[in-house]
Each structure stands twice: as C-alpha cells, then as structure tokens.
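All values below were derived from every heavy atom in this structure, side-chain atoms included, with hydrogens, water molecules and symmetry-related copies excluded. By convention in this document, chain letters (A, B, ...) are assigned in the order of the sequence lines, proteins followed by strands, and residues within each chain are numbered from 1.
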Number of protein chains: 2
Amino acid sequence: MTKTLDRRVRKTRAQLRTGLAKLMQEKSVREITVKELVDAVDINRSTFYLHYSDIYQMLDSIEAELEAEIMEAIQTHPLNPVDKDTSPFVEQFFIILEENQDICRALLGPHGDMTFVANIEKIIAENVMNKDVSLSNKNVLDIAYASAFCLSGCVGLIKTWLNGTLKESPHHMAELTHTLITHTTREFVVRAAIITQ
Amino acid sequence: MTKTLDRRVRKTRAQLRTGLAKLMQEKSVREITVKELVDAVDINRSTFYLHYSDIYQMLDSIEAELEAEIMEAIQTHPLNPVDKDTSPFVEQFFIILEENQDICRALLGPHGDMTFVANIEKIIAENVMNKDVSLSNKNVLDIAYASAFCLSGCVGLIKTWLNGTLKESPHHMAELTHTLITHTTREFVVRAAIITQ
DNA sequence: TCTATTACTAGACATGATGTTGATTTTCTT
DNA sequence: AAGAAAATCAACATCATGTCTAGTAATAGA
C-alpha cells in the first residue's frame, strides 16, 4: 500500500514544498511562477513537471496529503473518551499541525487557500463538533450560526497558535478548543431556550 | 472630494466586478485570466487595462473600496450605545455586506482572498471586540486565543449568512454577533478566573 | 560491488496570455 | 451641438508555459 518513495523524490518534493511555503509568505499563489519556485530551490524546471502539472495542482496535492494524515489520525485516535475533557484526536490534530507548521502557516495565512480552510472546517465539523457538543434541536437556525461561529473560531485558534511561538502544548490547545466550543455553544443554547419561553 | 464617475466607467467596472464575482465562484483567482474575464462580460481587453493593471490589482481595488465603505460606517454610526445590546455600526456592517453580497460571497468563499478576510477581522477586532467586550487582564495568553476564536467566529457567522437565504435581518445578525461574542468571552474569562484561583 | 532502474538535468520548441501602443470610433457631459 | 473622455481594434514584443528528447547522475536491490 504505502510504497516507499525514492530518496531523490522525497528530497525534491520536500525542497519544492519548503520553497513554496516560503514564497507564500511573501506573495499570492497567483504571482508565484513555476520558474520562480524552481529557481528559488535550485531545481530544474523539467523536474517540477515530473511531479506536478502546475503550482495549483502542487498545492492540491500537498493539501490532500495533509488531509489524509488528519483523516488517518481519526482512525487511530478515539474521538470521545467519556472520562476526559478532550479527545486524543484533537490533540493529535494539533501535533500534525505542528509537524507541518511551515506549510500550514502558509496555507492558513494571508496568502493561503480558503479551500483548504474549508476542508479543515469540514473535518472539524464532522469529527469534533457533533460528537463533542450535544445540540438541542430547538432554535435550529440560530444554532447553525453558533456552530459556524465555533467552526471558524477553531480555525482562528489554530492560526493564532501557528503564528505564535507554539509554546502551548498540543494537549493544552486541545483543552482550550474543548472549553471554547462547549462554553460558546451550551451557553448559547441555554440562553436561546430561555428567550423562546 | 467624491468626484462623480462617468456613467461608462461605472458601467464597465460594474460589469467587470460582476464577472469576476461569478468566475470566482467557479475557480481560483489564479486560474482566471484577463482575457477570460473580458470575454465573459464582452468588454475589450484594452479597456480592462485602462482601469486595472491585472486581476489581482483589480481585486485589491475592490477590496479597498469595501473596506473604505466599512470604515466610513464607523464614522457615522455609534459604536457603543450604553442602552442597547448591539451597536448600530455592526448592523450597518451587515447591511453593507448585503448590498455587496455577490462580491463578498466570492471574497469569503472557497476561492476567496484570505487577505481580505484578515482585513475584515482586523476591523472587527479594533472596532467591535475591544469596545464590546470587557476583557480582564488575567490569563492574557489564553484570552488572546479566545479573542482570536471570536474574531474568526464572526467571519464564519458572516459566511454562513451570505451563503444562506439572507432571511435574517442585519439587525438580528448584529444581535447574534453580540450574543456570541459576549457569551464566549465572558464565560471563558469567568471560568479561567475560577481555574487559576 | 555491480547493474538495471529510475530520477534529475539540459536545451530546444511552439504556444498563448500578457502588457503596451497608436489610431479610430463611440458615448458622455455640459 | 461640440469638446472631452472612454471604449474599441489591431498589432507588437515578451515571457512563462508545457512538452519533448537526449544525456547524466543517483538509487535500490542482488
């Protein structure tokens, strides 16, 4: 299944990836040319095309790898331990972000890719929100807004963490995530219930 | 100061703007060429260059206009009425979004521009958060995370609203914004205070 | 260590979007 | 109605693009 890649391939792709992450800190993807990227990391232009068809397909490919890694973490880490305030998956999620911090910072930064953000939000929505928070089905509409609020809120949390010194541990961040989600949503639901009485 | 633009200019720019918003629903800005855009709205390519230097500068220009409109709303609408649960500015903010819904949907959508999102967040941070929520200065660090959570959360709220039927009034959304921010932050601060005792 | 395989490099090529210019026509303002 | 401003049209050099072929270097496996 997981065929081991040639060392040269690993090296080349890693160089390209690092170079792209760096360029994305400076400018929009649109302004980044293949020529510019390969010049920056000193790789032949032909070599780029052996791996990717263009910059955008390269980004898609990297994003797909990250998302696959996250999805795999879901399989191997329990989502809902009844005795804890946080799930091992969420913690693992932050670990993955930390391991790929350069490209994640780029993807979530000002010149980042909102498709990636949307995918991340979707993963969180399906694997953290619903399981983690028990939503009543009253005020369905405003609760949908509250969910969206939390969802984007989590992304903001991640961005802030990645752009800081990363001194908080993944475990601490997982707890913080849990705290913010439950407080925001539960409090909101309670208040909504009172109002509609 | 505000010189009235020639009708032809208004018409051309509106066409280009509408066309760009439509194309951005389908594909990434990177894949949108000047040629493609002018063909779509049946305008000569030379004409495009009379107004903008390239697609990206066009986006910047549109974003700057939106941001200017929002900043102006700050000047003309009170931020902090003591007697109300919401500020007229926030409501006006939603009205502006609604008036420019096509381009805003595009800018905040999957093929959107994270620079714009960042700018919007900055405006909210400086004009809503600090004024609206009284943050204690204990747990400065985690509170920074809570602020980031709310900030991105507001963007999520807006995105959900724009992508729905917009049946909620700007006033209702302003109240919802206030509710979510205060509850999330205050509850978090209270809990943090208890924990650190 | 040797060998077959695979990845990378180098150079050339046609293609097409780009950005610019100058001449002309259309449309607006007053 | 007349002058001003904007939009059109055609032509141009430029440059990144994507593709190819032949040659070189590095790797994995025996």
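When the nucleotides C/dT18, D/dT27, D/dT17 are ranked by their closest atom to the side chain of A/Asp6, D/dT27 comes out on top.
Summarising the geometry, the separation between CD on A/Gln57 and P on D/dG18 is reported as 11 Å, rounded to the nearest angstrom. Taking atom CG on A/Leu50 and atom P on C/dT9, their separation rounds to 9 Å, with Å as the unit. Remark: P of D/dA11 and CZ of B/Arg45 are 13 Å apart, rounded to the nearest angstrom. In this structure, the NZ atom of A/Lys11 is 11 Å from the C1' atom of C/dC8, given to the nearest Å. For the pair B/Arg13 CZ and D/dA6 C1', the interatomic distance rounds to 11 Å; values are reported in whole Å.
OP1 or OP2 of C/dC8 lies within a sub-4.0 Å distance of a side-chain N or O belonging to A/Thr12. Not one side-chain nitrogen or oxygen of B/Asn44 sits closer than 4.0 Å to the OP1 or OP2 atom of D/dA7. A sub-4.0 Å separation between OP1 or OP2 of C/dA7 and a side-chain N or O of A/His51 is absent.
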Steps toward salt bridge (charged side-chain N to carboxylate O under 4.0 Å, His left out) verdict (B/Arg10, B/Asp6): CA-CA 6 Å; B/Arg10 288 199 307 271; B/Asp6 193 304; over 6 Å; no
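Side-chain atoms of B/Tyr56 and A/Ser28 form a donor-acceptor pair, as typed in the model, at a separation below 3.5 Å.
Side-chain to base pairing of A/Arg8 with D/dA26: one donor and one acceptor N or O lie within less than 3.5 Å of each other. Not a single donor-acceptor pair, N or O on each side, falls under 3.5 Å between the base of C/dG19 and the side chain of B/Ser46. Residue A/Arg7 places no side-chain atom within donor-acceptor reach of the base of D/dA26, judged by atom type and a 3.5 Å distance cut-off alone.
For B/Thr184 against B/Leu180, the heavy-atom pair with the smallest separation is OG1-O, 2.7 Å.
Screening B/Glu168, B/Gln101, B/His172 for a side chain to side chain contact (heavy atoms under 4.5 Å, CB included) with B/Trp161, the sole residue that qualifies is B/Glu168.
At a threshold of 4.0 angstrom between heavy atoms, the contacts of B/Thr33 are confined to the sugar-phosphate backbone, with no base atom among them.
Checking B/Ile43 against A/Ile55, the closest nucleotide of DNA chain D that is more toward the 5' end is the one next to B/Ile43.
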